[in-house]
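Report on one structure; see the data block that follows.
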Amino acid sequence: MILRLDELALDLPKPKNPSANDAAAIQELLGGKFGEMSTLMNYTFQSFNFRGRDRLRPFYSLTAAIAAEEYSHIEAVSYAINLLLTGTTKRDPDPVSGPLVGAADARNTHHFIASGQAALPMDSMGRPWTGDNVFSSGNLRLDLLHNFFLECGARANKMRVYEMVTDPCARTMVGYLLVRGGLHVYAYALALEKLTGVDVKKLMPVPNLSNKAFPEAREFMKHGLHRELYTFSANAYKETAFIWNGEHPEDGSQLVVKEGAIKGVPYPVLEEEPQLNSPGEDDFDPEMFADIAKKLGLEKELRAYR
């Protein structure tokens with residue numbers, strides 16, 4: 001089970017230059033073959049399907065904890081896409097004036113036709129994410145090797161997308177993913193080493209470029225996010241510490257396992273887009289909730305909501 005927090009994992013700056021085409025490129029990091037939907041579903045199904053978990057509990061715990069974090073990565077990439085799309089069309093509810101005329105030139109018109117100017121489960125070319133991207137062989141060694149490869153492939157794509165986009169919103173998000181994804185690369189390398197004795201970390205980094213080359217990644221590393229593995233649970237998956245321990249290969253800092261989740265921040269405000277009828281409920285009566293709140297003793301929550 002996943003305990004969902006009403007927070008975003010990182011603070012995304014408001015885009016200086018909203019861009020539908022930048023948002024289209026970032027879609028690869030969400031719904032591409034090596035995107036965050038793939039890492040989430042690969043590790044989720046591997047944890048669901050893990051046989052012999054009592055005997056090999058540390059490997060199960062590691063996979064399960066990383067799977068839970070990937071949910072937050074999907075959220076972060078989606079918000080970056082949504083923020084980059086905000087302001088790319090004119091807010092005008094009159095369809096005759098053609099408020100979406102500029103969207104015809106966007107590389108991915110699905111953002112405007114199939115959604116409320118928002119992220120979708122697809123890659124940068126508009127292909128829907130598919131369960132064919134899930135690898136869950138049941139063989140622990142093979143699954144861990146695949147996960148190491150998957151994280152390295154994801155890392156390569158993040159670097160390339162970083163070089164495509166220049167807005168601070170997009171680059172901050174990619175820098176965060178490089179740091180957290182880099183941690184996952186190293187975690188699976190350590191798991192393979194503990195399991196087989198093979199020093200897989202000698203292959204790192206793949207691609208052969210340090211995260212320190214990216215200013216945004218360096219900023220997250222200052223706060224230790226390259227060495228802190230979170231359990232994403234209040235009382236489970238502590239056995240990840242049997243694998244995640246020792247020194248980080250880049251700076252020699254101590255690897256630590258922290259119970260719970262990364263401290264988040266309030267969600268960015270996604271403004272309404274009337275030209276897309278999003279959300280499109282103009283007749284909504286807020287007094288209805290006021291009456292319900294009074295009956296349930298939720299007046300404080302209602303004031304915060306307003």
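Members clustered with Phe242: none, using a 4.5 Å side-chain heavy-atom cutoff among hydrophobic residues.
Ring-plane geometry between Phe149 and Phe34 is classed as perpendicular, the angle between the planes exceeding 60 degrees on a 0 to 90 degree scale with a lower cut at 30.
Checking side-chain atoms of Ser61 against main-chain N and O of Thr240 turns up no donor-acceptor pair under 3.5 Å. Not a single donor-acceptor pair under 3.5 Å links the side chain of Glu239 to the backbone N or O of Leu62. The main-chain N or O of Met122 is found under 3.5 Å from a side-chain atom of Gln27 such that the two form a donor-acceptor pair. A distance-only check finds no donor-acceptor pair linking the side chain of Thr196 to the backbone of Glu193 [under 3.5 Å]. At least one donor-acceptor pair closer than 3.5 Å links the side chain of Arg171 to the backbone N or O of Tyr162. Between the Arg180 side chain and the Leu225 main chain, a donor and an acceptor come within less than 3.5 Å of each other. Panel note: side chain Asp167, backbone Lys16; a donor-acceptor pair is recorded below 3.5 Å. Thr109 places no side-chain N or O within donor-acceptor distance of the main-chain N or O of Ala103, the cut-off being under 3.5 Å. With hydrogens and angles disregarded, no donor-acceptor distance shorter than 3.5 Å links the side chain of Glu216 to the backbone of Gly175.
At a threshold of 4.5 Å between non-hydrogen side-chain atoms, the residues Leu56 and Phe50 count as touching. Annotation: side chain of Ile262 is not in contact with side chain of Ser72 (no heavy-atom distance under 4.5 Å). The shortest distance between side-chain heavy atoms of Lys194 and Asn245 falls below 4.5 Å. At a threshold of 4.5 Å between non-hydrogen side-chain atoms, the residues His184 and Asn147 do not count as touching. Put simply, the side chain of Ile292 reaches to within 4.5 Å of the side chain of Met288, judged on heavy atoms. In this structure, Leu8 and Pro268 have side chains that are in contact, with non-hydrogen atoms separated by less than 4.5 Å. A heavy-atom distance below 4.5 Å is found between the side chains of Pro205 and Arg155. For the pair Ser78/Leu30, a side-chain contact is recorded, criterion being any heavy-atom separation below 4.5 Å from C-beta on.
Within 6.0 Å of atom NZ in Lys33, 12 or fewer heavy atoms from other residues, nucleotides or ligands are found, so the atom counts as exposed in its surroundings. Applying the 6.0 Å contact sphere to CZ of Phe135 captures more than 12 heavy atoms from other residues, nucleotides or ligands.
Between Pro215 and Ala213, the shortest heavy-atom contact is CD-O, 3.7 Å. Between Leu120 and Ser115, the closest heavy-atom pair is CD2-CB, 3.8 Å. Minimum interatomic distance between Leu84 and Asn17 (heavy atoms only, all atoms of both residues): CD2-O, 4.4 Å. The two residues Glu250 and Asn211 come nearest to each other via the heavy atoms OE2-N, 4.2 Å. Between Leu85 and Thr88, the shortest heavy-atom distance links the atoms O-OG1, 2.6 Å. In terms of heavy atoms, Ala67 sits closest to Leu40 at O-CD1, 3.2 Å.
To the nearest 0.5 angstrom, Leu83 atom CG is 6.0 Å from Leu270 atom CG. Rounding to the nearest 0.5 Å places NE2 of His248 at 6.5 Å from CG of Leu183. The OG atom of Ser136 sits 10.0 Å away from the CG atom of Leu142 when rounded to the nearest 0.5 Å. Between atom OG1 of residue Thr231 and atom CD of residue Glu69 there is a gap of 10.5 Å, rounded to the nearest 0.5 Å. Residue Thr44 holds its OG1 atom at 11.5 Å from CD1 of Ile66, rounded to the nearest 0.5 Å. One distance of note links OG of Ser38 with CG of Leu29; it measures 11.5 Å at 0.5 Å rounding.
Put simply, Leu209 and Met221 are part of the same group of oily side chains (I, L, V, M, F, W, Y) that touch within less than 4.5 Å, one to the next. Hydrophobic clustering, with ILVMFWY side chains joined whenever heavy atoms are under 4.5 angstrom apart, keeps Ile243 apart from Val256. Cluster membership for Leu12 and Val265, using ILVMFWY side-chain heavy atoms within less than 4.5 angstrom, is shared. Linking Ile, Leu, Val, Met, Phe, Trp and Tyr residues whenever their side-chain heavy atoms come within less than 4.5 Å leaves Val174 and Val206 in two separate clusters. Linking Ile, Leu, Val, Met, Phe, Trp and Tyr whenever their side-chain heavy atoms come within less than 4.5 Å leaves Tyr186 and Leu177 in two separate clusters.
Looking at Arg51, Arg53, Arg55 one by one, the single match for side-chain hydrogen bond (donor to acceptor under 3.5 Å, both in side chains) with Tyr60 turns out to be Arg53. With His73 as reference, Glu36 is the one residue of Met37, Met173, Glu36 to meet the side-chain contact (heavy atoms from CB on, under 4.5 Å) rule. If you run ring-ring contact (aromatic ring centres under 6.0 Å, His included) between Tyr188 and each of Phe59, Trp244, Phe148, Tyr43, only Tyr43 comes through.
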Note to self: For a side-chain contact (heavy atoms from CB on, under 4.5 Å) check, start with the C-alpha distance between Arg227 and Asp251, then their side-chain angles and the critical distance, and finish with the verdict.
What the structure shows: CA-CA 10 Å; Arg227 60 183 182 85; Asp251 60 10; 5.6 Å; no
Next item on the list: Output, in order, the C-alpha distance, side-chain angles, deciding distance and verdict of side-chain contact (heavy atoms from CB on, under 4.5 Å) for Thr130 and Asn133.
Entry: CA-CA 6 Å; Thr130 170; Asn133 293 329; 3.8 Å; yes
Next item on the list: Evaluate side-chain contact (heavy atoms from CB on, under 4.5 Å) for Leu178 paired with Met159, printing each intermediate quantity in order.
Entry: CA-CA 8 Å; Leu178 281 171; Met159 290 180 175; 4.1 Å; yes
Note to self: Run the side chain to side chain donor-acceptor pair (under 3.5 Å) test on Ser137 and Asn139 for me, step by step, so that the C-alpha distance in whole Å, both residues' side-chain angles and the decisive distance to 0.1 Å come before the verdict.
What the structure shows: CA-CA 5 Å; Ser137 72; Asn139 180 275; 5.2 Å; no
Next item on the list: May I have the step-by-step check of side-chain contact (heavy atoms from CB on, under 4.5 Å) for Ile74 and Glu70, ending in yes or no?
Entry: CA-CA 6 Å; Ile74 288 175; Glu70 299 295 356; 5.8 Å; no
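Under the 4.0 Å criterion applied to side-chain N and carboxylate O atoms, Arg160 and Glu163 are not assigned as salt-bridge partners. The existence of a salt bridge linking Glu271 and Arg91 is confirmed by a sub-4.0 Å separation between a basic side-chain nitrogen and an acidic carboxylate oxygen.
Counted by atom type alone, Thr89 and Gln275 present one or more donor-acceptor pairs between their side chains at under 3.5 Å. In this structure, a donor-acceptor pair under 3.5 Å is present between the side chains of Ser124 and Glu28.
If you look at Tyr230 and Tyr237, their ring centroids are not closer than 6.0 Å. Side-chain rings of Phe220 and Phe214 stay apart, their centers remaining 6.0 Å or farther from each other.
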